[in-house]
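The block underneath contains the structure these notes are about, expressed in structure tokens.
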Amino acid sequence: MKANYLDELNEQQREAVIHINGPLMIVAGAGSGKTKVLTTRIAHLMRNGVDAFNILSLTFTNKAAREMKERVEKILGGSEARNLYIGTFHSVFARLLRAEAHRLGYPNDFTIYDTDDAKSVLKTIINELNLDDKHYKPNFVYNRISAAKNSLMGPEEYQVDNLVQQEDMRANRPLIGKIYDMYAKRTFKNGAMDFDDLLFKMYVLLKTFPEVLHKYQHKFKYIMIDEYQDTNPAQYEIIKLLGAVNENICVVGDDAQSIYSFRGATIENILQFEKDYDDVKVVKLEQNYRSTKSILNVANEVIAHNKGQIEKNLWTDNTEGDTIKLVRTQTDNEEGKFVADTIAEQKLRNHYDNRDFVILYRTNAQSRSFEESLRRKAIPYRIYGGLSFYQRKEIKDFVAYLRITMNTRDEESLKRIINYPVRGIGKTTIEKTIVFSNDHNITMWEVLERAGEFGFKGGTLEAIDGFVTMIRSFQALLTKHNAYDVAVMVGKSTNIVKELFNDKTTEGLARYENVQELLNSIKEFTETPDEEGELLDKSMGSYLQQITLLTDADQGNNEDSDVVKLMTIHAAKGLEFPVVFTVGLEETLFPSGMSINTREELEEERRLFYVAITRAKARLWLTHANSRYRFGNLVQNEPSRFLEEMPEKFIDRSYAGGGSVRNAFGGGNTSGWSNSNNMFDRVQKKTPAQQTQSATPRPAPKPVSSAATTHVPTVGFTPDDPAGMEPGMQVEHQKFGFGTITAMEGAPNNRIATIVFPKGGGEKKIMLNYAKLRIINK
DNA sequence: TTAGGGCGGGATGAC
DNA sequence: CCCGCCCTAA
């Protein structure tokens, strides 16, 4: 261990680090060395005799957890750090629940439903209740339920709570409580927890089982929580329970950076911390080591427009630095082009690498214009967020097999793959299965296992039995093989990998590669030693649990690759970059049109802006466009109100024309980004009116329908039994006329013939069970 | 049973 | 523009 680790801290930082026992609140301004304090404090605790096994550290992202562990290891110079319990709230609780879930009636290998899974369950329930899902939008219902769970309100309470019921009445959606109740029962039946359950059920567990609470209270003698301003009531109560005996709770946060109220976070947690415990030690970290004076001054001035903050005075010793550049462009495309051009120019002029730049936006949908412009200039980039890897269809399909293998109660996964790849278990069969499972109060899987008893017959029964046998064969592998071997078997037996491999379209290729990447990630999981201290758990269950909780930002396997990064401001929390572009600073976009109706919402948008500004170390560009495409058509936007809240002194509004579009570099219009041709093209091409008024004549009727009128079936046309049809035969089709069978595919009970009709539109794929064909000769 | 086209309705953020 | 749903043809 480095002996001098305390010397590297300023006075306030040191004060925080050496406070070992009793509640501690660290108010850490942006860039004030918060992570350094947290990691040093952990090291200090350990140096003063605290066992690593007794320290719990909760972070906001898995990536932050990983970094923290590495930094502690560096200070300590040993391997003791691997025994620390560090992770996000969700991942830590998921692990604890994996050991305890049986007490609540869940399988320990419960499935974790992501947001999409949860909404899919909701949609099913809404349809079952014969409600209109346009009115009871799954998204809306999900948010209501999520909010309830985050304030520890179960379905029973929800349905009798006056305030909540009034809200639902006023929103004209009185049945949300009923849906919540069914949702809770359904997910329980499925052996599944959603993200909010990981907190809610953790709380229930600790409340219901004193011996469990006792166990963890004594295990986690020291608790540290990062980003405390973004915790919700459920997290708050859990921490209160866990910390009740020792009260060695250290929270770190910055009320000015609270940006997750939509997830139930309440700023009250940090504002009230001092009142929750006696003798709370409060330390304020006010020296910023990250940004230039210009940047920090602008940030301070902006956030001063909010009311009711913890008083603090963030300052810096850094140089004044460059002014903040404010840039206005005509369109979103030009905004993209401007940013790409500026990145290219800055790389030359100030010797930056790609990795020094980040583009921050309010919504994921804004990434497009930047992607295009960066690609055009051959600047490598990576987008964080948006559809995460594990949300892609092909990945979810594959993972569904793994999930159902681990937990046959998981109905969402079962429905996903029961007929993928096609095996002749169609909609009718699935619906029957659901009805039986509801009637007999058993799982769908149990119905399938006893399909014969429920009257399934013939080909359907065979298909079901085959499916059940296959899943059982995967389950049999679980005891003797690791997650990777099982996954490879799944890929082979189901034919998924082969099927994707044979799809030679661009998307098919990408899907194949994604599945390969999934397999690689499973392999990596099984081969790298577990850092989390506990038992080495390389099981499939452990793997599945962690991937659902992975953020896109956590997939930083090529962390040091030299690329420009694109992400939302939310995703940028905790990060810093030499050069920051904050884009789309327009009314209705930033601040979001959804968040301008109350002071609270607007203040959160402003804090978000504050977070964006304070990511920058040296240079900051703020851009906005006069108009941009939304829903496919051009809309005008006013500049963001936040732009008026900045001190003129540090702002350069003349940069790139100060409101008009002009090239800033080298005078000429050489790069062409201010040229509006691009937009004009787009309008011309994409306006529907242009297409309908096109001078070209109406397209000729489709060949299919013209063929239908030309062929007159032979007198007395009677279709033959398709069972006897084979490649090489001549056949007659009612509409397409005479043709030759050239190939045959599909399952025996659902064969698809490829037939060439010389006069009937060429090659066609015909499903023999439905099309009427007459055999001419063999 | 299922694939593909036409059509209407929809965008905040994310463990 | 993009996704999901419904309808129709095979």
Side-chain angles (χ1 to χ4, degrees), chain A residues 58-62 87-94 112-116 118 123 133-134 137-139 143 146 150 193-199 227 230-232 234-235 259-265 361-366 368 384-388 391 419-420 422-430 459-460 546 548-554 567-573 584 588-596 601 604-605 608 611 628-634 682 686 688 702 704-705 708 733-736 746-747 749-753 755 764-773:
Chain A
L58 297 167
T59 61
F60 201 72
T61 62
N62 292 300
T88 63
F89 274 93
H90 288 86
S91 70
V92 166
F93 294 165
I112 299 175
Y113 279 174
D114 67 18
T115 314
D116 293 334
K123 196 165 181 181
D133 61 13
K134 297 249 159 58
K137 289 183 194 152
N139 207 22
N143 286 332
S146 174
N150 285 327
M193 296 198 202
D194 65 19
F195 288 143
D196 302 316
D197 283 330
L198 295 177
L199 309 180
E227 311 281 10
D230 283 321
T231 51
N232 62 38
Q235 291 164 323
I259 55 174
Y260 275 97
S261 71
F262 71 92
R263 229 167 63 188
Y361 35 73
R362 180 65 180 80
T363 67
N364 283 307
Q366 284 165 260
R368 178 169 290 246
Y384 290 81
L387 249 208
S388 100
Q391 286 174 296
N419 200 33
Y420 170 78
V422 181
R423 56 172 67 86
I425 306 178
K427 213 164 107 188
T428 321
T429 307
I430 294 169
T460 307
Q546 60 130 57
T548 316
L549 297 172
L550 279 187
T551 319
D552 206 38
D554 293 320
M567 62 184 85
T568 64
I569 301 163
H570 282 92
K573 181 165 149 161
T588 74
L589 191 59
F590 193 13
S592 161
M594 322 271 287
S595 310
I596 47 173
E601 287 171 338
E604 179 148 319
E605 293 288 308
L608 197 54
V611 168
R628 69 175 61 240
Y629 280 91
R630 236 177 178 182
F631 290 133
N633 39 19
L634 208 56
R682 220 168 137 171
K686 308 262 165 106
K702 285 183 199 156
V704 174
S705 45
H733 184 273
Q734 273 196 74
K735 288 180 184 169
F736 302 144
N749 59 351
N750 186 26
R751 295 195 304 165
I752 301 159
I755 307 177
K764 297 239 179 281
K765 298 233 177 195
I766 307 265
M767 295 181 81
L768 295 180
N769 288 356
Y770 297 94
K772 294 180 172 56
L773 292 169

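The sequence lines fix the lettering, A, B, ..., with proteins before strands; numbering per chain opens at 1. Just so it is clear, the model here is predicted, and its values are computed rather than measured.
By the ring pair (Phe, Tyr, Trp, His ring centres under 6.0 Å) test, A:Phe89 pairs with A:Phe93, sequence neighbours left out. Under the rule for a side chain to side chain donor-acceptor pair (under 3.5 Å), the partners of A:Asn139 that lie at least two apart in sequence or sit in another chain are A:Lys119. A:Glu604 pairs by the side chain to side chain donor-acceptor pair (under 3.5 Å) definition with A:Ser261, A:Arg607, not counting sequence neighbours. By the side chain to side chain donor-acceptor pair (under 3.5 Å) test, A:Arg628 pairs with A:Glu335, A:Glu586, sequence neighbours left out. Partners of A:Thr568 by side chain to side chain donor-acceptor pair (under 3.5 Å), not counting sequence neighbours: none found.
Here A:Phe195 does not lie in a stacked arrangement on the base of B:dA14, lacking the combination of planes under 30° and ring centres under 5.5 Å apart.
Nearest nucleotide to the side chain of A:Arg263, out of C:dC2, B:dC15, B:dG10: B:dC15. Here the nucleotide nearest the side chain of A:Thr428, chosen from B:dT1, B:dA11, B:dT2, is B:dT1.
The residue A:Tyr260 sits close only to the backbone: its heavy atoms come under 4.0 Å of sugar-phosphate atoms, none of a base.
Checked by distance alone, A:Thr115 brings a side-chain donor or acceptor within 3.5 Å of a matching partner on the base of B:dC15.
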For nucleotides 4-6 of chain C, tabulate all protein N/O to nucleotide N/O atom pairs closer than 3.5 Å, reporting atom names and distance.
unit_1 : atom_1 : unit_2   : atom_2 : d
C:dC5  : OP1    : A:Lys123 : NZ     : 2.1

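Taking side-chain N and O atoms only, A:Ser592 has no distance below 4.0 Å to OP1 or OP2 of B:dG13. Contact annotation: A:Asn419 reaches the phosphate of B:dT2 (side-chain N/O to OP1 or OP2, under 4.0 Å).
With hydrogens and angles disregarded, a donor-acceptor distance shorter than 3.5 Å links the side chain of A:His570 to the backbone of A:Ile259.
Distance A:Asn364 CG to C:dC1 C1': 16 Å, rounded to the nearest Å.
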